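The structure displayed is predicted, hence computed values, not measured ones. Quick note on labels: first sequence line is chain A, next is B, and so on, each numbered from 1.
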Amino acid sequence: MKYWLMKSEPDDISIDDLQHSPQQTMSWQGIRNYQARNFIRDEMNTGDSVLFYHSSCKVPGVVGIATVVSQPQRDDTALDPQSRYFDPKSDPSKPRWWQVDIQFTAKLNHIVSLQQLKSDPALQDMVLVTKGARLSVQPVTAEEFCHIVSLGQ
DNA sequence: GCCAACGTTGGC
DNA sequence: GCCAACGTTGGC
């Protein structure tokens, strides 16, 4: 089983939105970055654990835990001209963009802020903390995952 | 809202 | 295949 961090803008989709979705589950659509796509398509599996991160907000940071509950699937929003994620260059027979379903697992008791992550010696190798890291889906180690969860309790 | 750091596009 | 121009991300 693998560990991941996934970013979301809470004004768009927050951890509360995920918690209150049907079956507490959402299809994680709209990833339009090849590196992130490759992680989803090639490495994600049912049962993987996800740190849910709020970005582009007042206090960016990890706010909860989710679980991958599907195998990687084609992201059909890329083929839908009505969708904000429509990609006219995506070929239906050769899917370019992929998604998984994620399910709400828990909220942390309190946010583990980006500031906190940056200042923690145990987390200096996190992708998130490296300069200019914009990846919206990124791997974390088991140690980083457990450490961050413990910080949020 | 600014802007640095990235990623992508497309002409050559 | 280089690289300038452009678009996006996301912290501040």
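With values rounded to the nearest 0.5 angstrom, A:Cys57 atom SG is found 8.5 Å from A:Glu9 atom CD.
Between A:Phe145 and A:Ile65, the shortest heavy-atom contact is CZ-CG2, 3.9 Å.
Whole-Å rounding puts the A:Asp87 CG to B:dT9 C1' distance at 13 Å. Rounded to whole Å, the distance from CZ on A:Arg96 to C1' on B:dG7 is 13 Å. Atom CZ of A:Arg134 is separated from atom C1' of B:dA4 by 10 Å (rounded to the nearest Å). Here B:dT8 presents its P atom at 13 Å from CD1 of A:Ile31, a figure rounded to the nearest Å. At whole-Å resolution of the value, CZ in A:Arg84 and P in C:dT8 are 13 Å apart. Here the P atom of nucleotide B:dG7 and the CD atom of A:Gln138 are 12 Å apart, to the nearest Å. In this structure, A:Trp97 atom CH2 and B:dT8 atom P are separated by 7 Å, rounded to whole Å. Following rounding to the nearest Å, A:Lys118 (NZ) and C:dG11 (P) show an atom-to-atom distance of 8 Å.
Looking at the side chain of A:Tyr34, the nearest of the listed nucleotides B:dT8, C:dG7, C:dC12 is B:dT8.
Side chain of A:Gln153 to backbone of A:Leu108: no donor-acceptor contact under 3.5 angstrom is found. Checking side-chain atoms of A:His110 against main-chain N and O of A:Val63 turns up no donor-acceptor pair under 3.5 Å.
For DNA chain B, none of the residues of residues 2-13 of chain A falls under the heavy-atom distance limit of 4.0 Å.
Classification of A:Asp12 and A:Arg84 as a salt-bridged pair holds, one side-chain N sitting under 4.0 Å from a carboxylate O. A salt bridge is defined here as a Lys NZ or Arg NE, NH1 or NH2 lying under 4.0 Å from an Asp or Glu carboxylate O, and A:Asp75 with A:Arg32 meets this definition.
Between A:Lys131 and C:dT9 there is no side-chain N or O to OP1 or OP2 distance below 4.0 Å. Considering only side-chain N and O atoms, A:Tyr53 lies under 4.0 angstrom from the phosphate OP1 or OP2 of C:dG11.
Between A:Asn33 and A:Lys89, it is A:Asn33 whose nearest contact on DNA chain B lies nearer the 5' terminus.
Residues A:Ile13 and A:Trp28 are in side-chain contact: their nearest non-hydrogen atoms beyond the backbone lie under 4.5 Å apart.
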